[in-house]
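Have a look at the structure below, then the notes.
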Amino acid sequence: MKAAIIGATGYGGAELVRILHQHDYIKQYSVYTSSQVGMKFSESYPQFNQITNEQLKEIDIDKISEEVDVVFMATPSGISNELTPKIFERGLTVIDLSGDLRFKDQDVYETWYKKKASPKDVLQKAVYGLTEINREIVKDAKLIANPGCYPTATILGLYPLLKNVKVDLDSIIIDAKSGASGAGRKASLATSYCEVNENFRIYKVNEHQHIPEIEQALKTVNPELGPIKFNTHLVPMTRGIMATIYCKPLNKMTEKSLRDLYQDFYQNDTFVRVREVGNYPSTKEVYGSNYCDIGITYDERTGWVTIVSVIDNLMKGAAGQAVQNLNVMLGIDEGTGLYGPPLFP
Ligand SMILES: NC(=O)C1=CN([C@@H]2O[C@H](COP(=O)(O)OP(=O)(O)OC[C@H]3O[C@@H](n4cnc5c(N)ncnc54)[C@H](OP(=O)(O)O)[C@@H]3O)[C@@H](O)[C@H]2O)C=CC1
Ligand SMILES: CC(=O)N[C@@H](CCC(=O)OP(=O)(O)O)C(=O)O
């Protein structure tokens, strides 16, 4: 099988190259650019010198559809809206890492992303690729809206509880933090060294584009869910997301019943690991891997649940989950190319 990576020179694209290099079923992948046609991919990433000799090609949809079977869109929001419908109508499978295909309601996308939405019929065909939750529909999909990084950590953290326990829906608070690679490779003031190093900053307060994505997914569990409280912080680290989630169940629970619930829910999911009592994951414990590690506790004194969910934003939060979805669509081992353990320290 042959793959194309559009936006290969970005962090998500480069992570796809790293994964596909060790993927048994993708025999060949080609890399595409909007700004560096003819240059070698390894000129952007010398560390991949021995891995690939590929030249960056122009994004020519007709040529791409003759040459490959699956296309990964690792482009900024607004690009897939234009390109994916053309690629998809030529019969290729598309996995989009951007936010462009995640919303069924065009108005929601246009309000939060301030860009023109994809055509309705394309959005209807897109499957939200949160693998552990939507595996059954991913199997038959040809078009994947790969989830955002914060939504992946948040939804995996909250889903088992909302599905099985009555929770005061107004009590849910999501406090999330990310490393700077979440913002991509493009230079920006906010992610320059002096602004990030030895600093801790809240950003996009009340207006983060992942708010409606989390709401859309969690409303499938409980349609009564109202607006969620979700804020994001930039942490002086390269990779990693931690979502700390607080909420109050309506009835008393025990620490054991809570843990049993999570362990049962994720018992067949290789990439979600639920920690033992009193053990909370840190971002370095999933660094460079496709795992989502979850720690949970019920405070019998206050009656509140705390959930700590960590991922590597470029792996489970982007390229890793994209390949996990491809594996599910191909009907092969879901972890193909993804079993690398975290890099530590
Ligand atoms: N970074 C992360 O942790 C995550 C990112 N995402 C999403 O994945 C997508 C890729 O993110 P990331 O790799 O971090 O972003 P980067 O900014 O690192 O890379 C995006 C790439 O897109 C290409 N690009 C830019 N403009 C255009 C254009 N007009 N047409 C075609 N290609 C273009 C650029 O390559 P070139 O100039 O060579 O064309 C660039 O290298 C984004 O939508 C992002 O929001 C999702 C989850 C997590
Ligand atoms: C640290 C940082 O800046 N992270 C980015 C993640 C962007 C992203 O992944 O955007 P889409 O999911 O919308 O494509 C942010 O918070 O906007």
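Order of listing sets the numbers, starting from 1, for every ligand and every atom in it. Numbering of residues begins at 1 and proceeds along the displayed sequence.
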For Ile59, state whether at least one heavy atom is located under 4.0 Å from any atom of ligand 1. yes
Only one of Thr152, Asn290, Asn146 forms a side-chain hydrogen bond (donor to acceptor under 3.5 Å, both in side chains) with Gln321, so which one is it?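 Result: among Thr152, Asn290, Asn146, Thr152 is the only option passing the side-chain hydrogen bond (donor to acceptor under 3.5 Å, both in side chains) with Gln321.
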Which residue owns the protein heavy atom closest to [atom], what's the atom, and how far is it?
atom	value
atom 11 (P) of ligand 2	His210 NE2, 3.4 Å
atom 1 (C) of ligand 2	Tyr203 OH, 3.3 Å
atom 35 (O) of ligand 1	Thr9 OG1, 2.8 Å

Suppose I only count heavy atoms of Lys204 and a 4.0 Å limit; which atoms of ligand 2 are within that range? 15 (C), 17 (O)
Under a 4.0 Å heavy-atom limit, does [X] contact ligand 1 with its side chain, its backbone, both, or neither?
X	result
Leu56	neither
Ala8	neither
Gln36	side chain

Do any N/O atoms on Tyr113 end up under 3.5 angstrom from N/O atoms on ligand 2?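 Among all N and O atoms of Tyr113, at least one is under 3.5 Å from an N or O of ligand 2.
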Is ligand 2 less than 4.0 angstrom away from at least one heavy atom of Ser178?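 The answer is yes: ligand 2 sits under 4.0 Å from a heavy atom of Ser178.
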Enumerated ligand 1 atoms positioned under 4.0 Å from heavy atoms of Arg185: 16 (P), 17 (O), 18 (O)
If we set the cut-off at 4.0 Å for heavy atoms, which region of Arg201 has an atom near ligand 2: side chain, backbone, both, or neither? neither
Aromatic ring pairing Tyr45/Phe48, orientation class (parallel under 30°, perpendicular over 60°, tilted between): tilted
Any nitrogen or oxygen of Ala318 lying under 3.5 Å from a nitrogen or oxygen in ligand 1? Just yes or no. no
Does Glu255 pair with Arg259 as a salt bridge, N-O distance under 4.0 Å? yes
